[in-house]
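Read the structure below first, then the notes.
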Amino acid sequence: QVQLVESGGGLVQAGGSLRLSCAASGRPFSNYAMSWFRQAPGKEREFVAAISESGSTTSHADSVKGRFTISRDNAENTAYLQMNSLKPEDTAVYYCAARTSYRRMSASNAMDYWGKGTLVTVSS
């Protein structure tokens, strides 16, 4: 089992920045590829970004490309999502998820483990 705990969410004005963290425990963090997803009220969960086990490969959704950056620190067992130039439409609960291989990282039903989420609210 892998336990994932997100933090760093909050209320921010449009144009502002936040950095989300996802702390992992239970099994070697470097064995898992990581994704971030988000779910806005009344909408389906959507893919945001993914990073391979070593951190050498990343992928970002078109809606956040150029504004958000995923990263990880395997020594700290933590994945991050740096969010800049935030927009009101970025308001959502953000979830991190882990998978044992860097495949189908944008598919929520392919993830092996999930955190409980952290709320990001962007005011206009």
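The model shown is predicted, which means the values in this text are computed figures rather than measured ones.
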> What pairs with Thr57 under side chain to side chain contact (heavy atoms under 4.5 Å, CB included), at least two apart in sequence or on another chain?
Replying inline: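 Ser52, Tyr102.
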> Taking only residues two or more places apart in sequence or in another chain, which ones pass side chain to side chain contact (heavy atoms under 4.5 Å, CB included) with Asp112?
Replying inline: Arg99, Thr100
> With distance as the sole test, does Glu6 use its side chain to make a donor-acceptor pair with the main-chain N or O of Thr118 at under 3.5 Å?
Replying inline: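 Pair absent, no side-chain N/O of Glu6 close to backbone of Thr118.
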> Between Glu44 and Gln39, is there a donor-acceptor pair closer than 3.5 Å when you use the side chain of the first and the backbone of the second?
Replying inline: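 Answer holds: no.
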Does anything in [range] form a disulfide (SG to SG under 2.5 Å)? List the pairs, not counting sequence neighbours.
range: residues 81-124; answer: Cys22-Cys96
range: residues 59-90; answer: none
range: residues 55-95; answer: none

>> I need the full list of salt bridge (charged side-chain N to carboxylate O under 4.0 Å, His left out) pairs touching residues 82-93, with sequence neighbours left out, sorted by first then second residue.
In response: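 Only Arg38-Asp90, Arg67-Asp90 qualify under salt bridge (charged side-chain N to carboxylate O under 4.0 Å, His left out).
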>> Give me each pair satisfying salt bridge (charged side-chain N to carboxylate O under 4.0 Å, His left out) with a member in residues 47-64, each pair once, sequence neighbours excluded.
In response: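 Every salt bridge (charged side-chain N to carboxylate O under 4.0 Å, His left out) pair that includes a residue of residues 47-64, provided the two are not neighbours, is Asp62-Lys65.
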>> Can you list, by chain and residue number, the hydrophobic cluster partners of Val5 when the side-chain cut-off is 4.5 Å?
In response: none
>> Which Ile, Leu, Val, Met, Phe, Trp or Tyr residues join Tyr94 in one cluster when any pair of side-chain heavy atoms under 4.5 Å counts as a link?
In response: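 Members besides Tyr94, by chain and number: Val2, Leu4, Val12, Leu18, Leu20, Phe29, Tyr32, Met34, Trp36, Val48, Ile51, Val64, Phe68, Ile70, Leu81, Met83, Leu86, Tyr113, Val120, Val122.
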> Which atom pair, heavy atoms only, marks the closest approach of Ala92 to Ala40?
Replying inline: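 For Ala92 versus Ala40, the nearest heavy atoms are CB-N, 3.8 Å.
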Going from [atom1] on [X] to [atom2] on [Y], what distance comes out if it is rounded to the nearest 0.5 angstrom?
X: Ser35; Y: Met111; atom1: OG; atom2: CE; value: 4.5 Å
X: Ser63; Y: Glu46; atom1: OG; atom2: CD; value: 5.0 Å
X: Gln3; Y: Ser25; atom1: CD; atom2: OG; value: 4.5 Å
X: Leu119; Y: Leu11; atom1: CG; atom2: CG; value: 9.0 Å

>> Listing request: all side-chain hydrogen bond (donor to acceptor under 3.5 Å, both in side chains) pairs with a residue in residues 14-23, at least two apart in sequence or in separate chains.
In response: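 Matches after skipping sequence neighbours: Ser17-Asn84.
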>> Please enumerate all residues that pass salt bridge (charged side-chain N to carboxylate O under 4.0 Å, His left out) together with Glu76, with sequence neighbours excluded.
In response: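 Per chain and number, Glu76 pairs via salt bridge (charged side-chain N to carboxylate O under 4.0 Å, His left out) with no residue.
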>> Over 60° means perpendicular and under 30° means parallel, so tell me whether Phe37 and Trp114 are parallel, tilted or perpendicular.
In response: tilted
> Is NZ or CZ of Arg72 both nearer than 6.0 Å to the six-membered ring centre of Tyr80 and within 45° of the ring axis?
Replying inline: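 The answer is no, since Arg72 fails at least one limit relative to Tyr80.
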> By side chain to side chain donor-acceptor pair (under 3.5 Å), which residues pair with Ser7, not counting sequence neighbours?
Replying inline: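 Not a single residue meets the side chain to side chain donor-acceptor pair (under 3.5 Å) criterion with Ser7.
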